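A short write-up of the structure that comes next.
Computation of the quantities below employed the complete heavy-atom set of this structure, encompassing side-chain atoms and omitting hydrogens, waters and symmetry-equivalent molecules. Owing to the predicted nature of the structure, the values given are computational and were not obtained by experimental measurement.
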Amino acid sequence: MLESTPISTDTILKPYMQDNKRHKAYSETCKIAQDLRIHSDGENAGDLVSERRPSESEEIKKYRAKIFVAITEPVVSRIITSLSKIRRSSDWSIKYDVSKFSKTIIDGETLQDYCEENYPGYESITKWTFDVLLKNYLVDPNSVLAVIHEPVSDITTYKEPIAIIFNSENVYDFVENKFTVLYSTDKCEYKLADNSTAYDGDVYYYIDATRVQRWEQTDAKKTMTLKWEYAHNQSKMPAFKLKGLFYKSLDNVNIFKSRINAIIPHLKEAVREYSDLQAGVVQSLHLQKWFYQSQKCSSCGSTGKLIVEGKTITCDKCKGSGYATTSPYDNIKIPLPEPGMQPVSMPPAGYIAMDTKIIEIQDARVDKHKYQALAAINMEFLAETPLNQSGVAKEVDRDELNTFVNSIAEDLISIMDKIYYFINEYRYFTLVHDKNVRKEMLPKIAVPQNYDLLSANYLLQELQAAKTAKINIVSQIALEVEFANKKFNNDPAVRDELKCVLELDPLPGLTDDEKLLRLQNDGIIRDDYVLSANINSFVKKAIEENKDFLSLNHIGKREFLQKYIDATLIFNSTSQQIINGVKITNGAPNLMEAMKGITGMIEIATAVSEGVLSMDGAILLASEKFGITTDQAKAQLKGVTIQKPAPPVPPVPPIPTPLPPVPPAK
């Protein structure tokens, strides 16, 4: 507890509790959140369905409101689910420099231990961010996030701070970095006059630049008592707005709109028209009936009026018609003819047929509104509407999509950075006195640049379109790699093998006939032809033989596969020579003649010994010929040594001694 006298409840909470005091932007921030909650949580749509349509009866209006369903909730749910994939980005990372951790912190109590493994309720802050924070941030950008912990009595006990979000309707006041008054959804128990216990007591938090206080209701008169408080020892108030797109400012209160706010107009139209569509479908299924009405209203005696306390009012049973009502979707009642009038035609009742084409039009319009809502934030690929459906198709602008997602990722990481900062200060302020040392203990969170949001079906359509249009093969390979990442994301072994095949194939996109034709015309080298023709088996074999193969760079992988290429070329060449019975080396006897009567492994061993086959080629040949593993083949050829002598080097002739000079003739 603080030694200073706590601020009294009268000066803090009374104006907010009894006088309904709120900050100037309160109603506007609540409306911003409510406009999105209609679609995110399926809350009451209000005027969207309660307004009476032209020529609509009161019964139908009430019926529409009664059967309202949140048809737009799946749209927002898809957006949130898609954005939660930010943490699956290949370059998403939270990195700690363990060497910077203070040695005074005991094992298991470092910031990394607490935030990545032991965060209360969610194991890690990352999981809490995408399970709780993301939706609140998108729906209610004016929410306030406070990092709070309960007081600890023992100074040696590590505090356990948590992040709590207070939605706009519970933010009674907020001044940036000065103070905030927050109404908690927590409830406390208190005693009633008969000494029984109630459990619905109000809870408030007051946070300013120096302290955190929790106030709780203690009686039925809503008397508030300070439950606990502590000095937070932070350089700034441990409470801040989630924020989003800046909208406007009222005095010292900034108002923000959600980054997905652009979906609201289209989703509102979808809700309105779907409500009409529901009524239209019901009326089309249950046709309006007309009949000759003979049963008069017993309440008003068919006058349609009642006299109550001297005043004439409309009969509430027949609604002024004078005849008994028989259906909530009121029938058209035709009174029987009076004496002397023309007789009733037969049949005496029937149904009014309705044109159902408008139902089909309305149904398509609702889907179009939902599509346009997603298109407003460049996420139309999430729509159920087929990509190439006439009238609504629009190619995804990847740059715009990445920019939009990147802005959200930056906001989330900015919020996470603040949470990590406050938790770090709470836990280690008294233990690690040097502020710079505490700062170095904080993790580095990189803002991802590569986002895996597009669906596998969408990527497949893109790939098919690229192949049909015969765009550059490099672009096609990039699309295939992206498709492999998406399609086999949950099967890393298949995904990584497929990516490796796509990246190492030197002749991608060519058929076997096209590869052979280029080889025959000297358009490609034989090594590339062999690698491309055997790329799948070579990569699979390399992964089996070298556990680090996939971690090699492109050059390293190609060099590793080169031995398979060489072995294949030697195998094919030597095998053919053996079959044809031709001389293998200059000056050597015919191999088949020399080895007549000797078969199998002896032939291969002799070929290695004479320098005809390399050891790698021999191992591959033995493995293929006898159906054994390469390790078994190595064991069989283990003692073979190359005995082919090197050609003799001719002697170097001596340098002639110069002759003495000839004396001149006399």
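Within the 3.5 Å criterion, the main-chain N or O of F404 finds a donor-acceptor partner in the side chain of S407. Under the 3.5 Å distance criterion, the side-chain polar atoms of S82 are left unmatched by any main-chain donor or acceptor of R78. Of the possible polar contacts, one joining the R438 side chain to the V432 backbone as a donor-acceptor pair under 3.5 Å is found. No donor-acceptor distance shorter than 3.5 angstrom exists from the side chain of D548 to the backbone of S551, with no hydrogens or angles considered. In this structure, the side chain of E514 engages the main chain of T511 through a donor-acceptor pair within 3.5 Å. Judged by distance alone, the side chain of N521 and the main-chain N or O of G523 form no donor-acceptor pair under 3.5 Å. The closest donor-acceptor contact from the side chain of Q449 to the backbone of V447 lies under 3.5 Å.
Aromatic ring orientation, Y564 versus F538: tilted (interplanar angle from 30° to 60°).
Annotation for I86 and W92: closest pair O-CB, 4.0 Å, computed over non-hydrogen atoms. Nearest approach of L138 to L36, heavy atoms of both residues: O-CD1, 3.4 Å. I71 approaches A270 most closely through the heavy-atom pair CG2-O, 4.3 Å.
The residue from S40, S258, S168 that alone fulfils the side chain to side chain donor-acceptor pair (under 3.5 Å) condition with D140 is S168. The only option from K368, K370, R365 that meets the salt bridge (charged side-chain N to carboxylate O under 4.0 Å, His left out) definition with E273 turns out to be R365.
From E497, atom CD reaches atom CD1 of I543 across 4.5 Å, with rounding to the nearest 0.5 Å. Note that CD1 of I413 is 12.0 Å distant from CD1 of I408, once rounded to the nearest 0.5 Å.
Counting non-hydrogen atoms of other residues, nucleotides and ligands closer than 6.0 Å to CZ of R518 gives a total of 12 or fewer.
Stacking of K159 on the aromatic ring of Y426 is not recorded, the 6.0 Å distance cut-off and the 45° axial limit not both being met. Cation-pi contact between K127 and Y119: absent, since separation from the ring centre below 6.0 Å together with deviation from the ring axis within 45° is not met. Remark: K563 is positioned above the aromatic ring of F560, its terminal NZ or CZ atom under 6.0 angstrom from the ring centre and at most 45 degrees off the axis.
Under the 4.5 Å side-chain criterion, counting only non-hydrogen atoms from C-beta, F130 is in contact with L412. Residues D113 and T110 meet the side-chain proximity criterion, which asks for heavy atoms closer than 4.5 Å. Side-chain contact between Q372 and E380 is absent, with no heavy-atom pair separated by less than 4.5 Å. Residues N261 and I264 meet the side-chain proximity criterion, which asks for heavy atoms closer than 4.5 Å. Using a 4.5 Å heavy-atom threshold, the side chains of Y96 and L442 count as separate. Within the 4.5 Å cutoff, no side-chain heavy atoms of K444 are placed close to those of I94. P161 has its side chain within reach of R427: a pair of non-hydrogen atoms, C-beta onward, lies under 4.5 Å apart.
Side chains of Q562 and D527: a donor-acceptor N/O pair is present below 3.5 angstrom, by distance only. Counted by atom type alone, S102 and T104 present one or more donor-acceptor pairs between their side chains at under 3.5 Å. Remark: the Y114 side chain and the E160 side chain contain no N/O donor-acceptor pair separated by less than 3.5 Å. Judged by distance alone, the side chains of R259 and Y137 do bring a donor and an acceptor atom under 3.5 Å apart. Judged by distance alone, the side chains of D91 and S89 never bring a donor and an acceptor atom under 3.5 Å apart.
The side chain to side chain donor-acceptor pair (under 3.5 Å) test applied to N534 returns no partner, not counting sequence neighbours. Judged as a side chain to side chain contact (heavy atoms under 4.5 Å, CB included), and not counting sequence neighbours, the contacts of S77 are T81.
For K243 and D411, the salt-bridge test fails: no basic side-chain N is under 4.0 Å from an acidic carboxylate O.
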